[in-house]
There are 2 protein chains.
Amino acid sequence: MDYVKAMARPFTHPAAPDISLDNVLHALSDPVRREIVRKLMGSDRMSCIQACAAHPPSTVSFHHKILREAGLIRSEKKGVEVINTLRRTEIDQRFPGLLDAVFRAPGTSHP
Amino acid sequence: MDYVKAMARPFTHPAAPDISLDNVLHALSDPVRREIVRKLMGSDRMSCIQACAAHPPSTVSFHHKILREAGLIRSEKKGVEVINTLRRTEIDQRFPGLLDAVFRAPGTSHP
DNA sequence: TACAATAGTTCAAGATTACTGAAGTTTAAG
DNA sequence: CTTAAACTTCAGTAATCTTGAACTATTGTA
């Protein structure tokens with residue numbers, strides 16, 4: 001596997017019907033990832049570094065990958081940065097009430 | 001660590017305020033465990049073997065342990081078997097709408 | 001045009017966690 | 001006392017997580 005090809009490859013996102021509850025719940029079971037999603041619920045476009053500057057870049061990238069492959073966020077390259085958006089309506093259609101319940105719950109910080 | 005002491009030790013359950021969203025979401029992210037919970041939503045007392053006879057006993061025990069330590073189920077020994085109950089009202093109070101949303105969602109089988 | 005800076009990604013390796021076969025325990029029944 | 005049923009624990013392997021180091025791609029800047 002080659003760096004050039006790997007970096008040139010655009011992000012892949014699951015189609016809405018392929019978003020699995022397994023992956024969504026797993027993605028949301030991590031507090032760092034919930035924090036990223038919570039921030040995206042407020043401001044709807046955000047680079048990775050805005051999302052969580054406190055962690056090392058490889059960790060941030062890893063968490064975004066999990067969220068992206070679970071179908072929770074959409075990522076696109078915009079110049080040097082990656083802009084992420086929450087796939088809110090798709091998630092709400094497929095799993096009604098789930099995001100609301102998770103982010104209403106205690107255990108997700110509200111600064 | 002000794003078998004005798006370990007087996008004699010009763011099950012420990014987290015108190016309601018100590019039930020964490022991390023652990024609950026992680027517990028529910030596995031389809032086998034969701035299946036156990038779903039069955040407990042219907043009939044409110046169930047042994048481990050009733051819950052999932054298809055899997056090896058060590059696996060069933062493992063999944064029940066995860067659910068128990070997450071605070072989703074309560075287990076008590078009744079003779080030779082272990083009876084499990086869903087901590088439904090406690091979970092609903094702490095995380096309103098979460099169980100409903102998860103079990104309304106596609107991805108959890110409804111036989 | 002070259003050089004450096006920025007914002008990530010990928011890889012690798014150690015650390016943690018998950019799964020399950022084999023062996024053990026406890027209770028109940030014969 | 002022996003056997004069976006229903007789990008649990010242990011141990012070893014498999015899969016995931018985390019993060020430093022190296023890399024890429026884009027965007028200034030000299």
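Residue numbers start from 1 in every chain, and the chains themselves are labelled A, B, ... in the order their sequence lines are given, proteins ahead of strands. Since the structure is predicted, the reported quantities are computational estimates derived from the model, not experimental observations. Atom set for the values below is all heavy atoms of this structure, side chains included, hydrogens, waters and symmetry mates excluded.
Mapping A/G79 and A/P56 onto DNA chain D by nearest heavy atom places A/P56 closer to the 5' end of the strand. Residues A/V80 and A/F62 both approach DNA chain C. Their nearest nucleotides, taken by heavy-atom distance, put A/V80 toward the 5′ side.
The shortest distance between the side-chain N/O atoms of A/S58 and the OP1/OP2 oxygens of D/dG20 is not below 4.0 Å. Checking the phosphate oxygens (OP1, OP2) of C/dT20, no side-chain nitrogen or oxygen of B/H63 falls inside 4.0 Å. Note on A/H26: a side-chain N or O is less than 4.0 Å away from OP1 or OP2 of D/dC17. A/T59 has a side-chain polar atom (N or O) that falls below the 4.0 Å cut-off from OP1 or OP2 of D/dT19.
As a whole-Å value, the separation of A/K65 NZ from D/dT19 P is 16 Å. Taking atom NZ on B/K78 and atom P on D/dA5, their separation rounds to 22 Å, with Å as the unit. The NE2-C1' distance, from B/H55 to D/dC7, rounds to 16 Å in whole Å. Atom CD1 in B/I83 sits about 14 Å away from atom C1' in C/dT27, given to the nearest Å. What separates CG of A/D30 from C1' of D/dC17 is a distance of 9 Å, to the nearest Å. Rounded to whole Å, the distance from CD1 on A/I66 to C1' on C/dT17 is 14 Å.
Look at B/E90 and B/R74 and you find a salt bridge, because one of the NZ, NE, NH1 or NH2 atoms lies within 4.0 Å of a carboxylate O, short of that distance. With respect to the salt-bridge test (charged N to carboxylate O, under 4.0 angstrom), the residues A/K78 and A/E81 do not qualify. A salt bridge does not link B/D30 to B/R34: none of the charged side-chain nitrogens sits closer than 4.0 Å to a carboxylate oxygen.
Using modelled atom types, one finds a donor on one side chain and an acceptor on the other under 3.5 Å when comparing B/R68 with B/S75.
Of the candidates C/dT9, D/dT18, D/dT9, the closest approach to any side-chain atom of B/S61 belongs to D/dT9.
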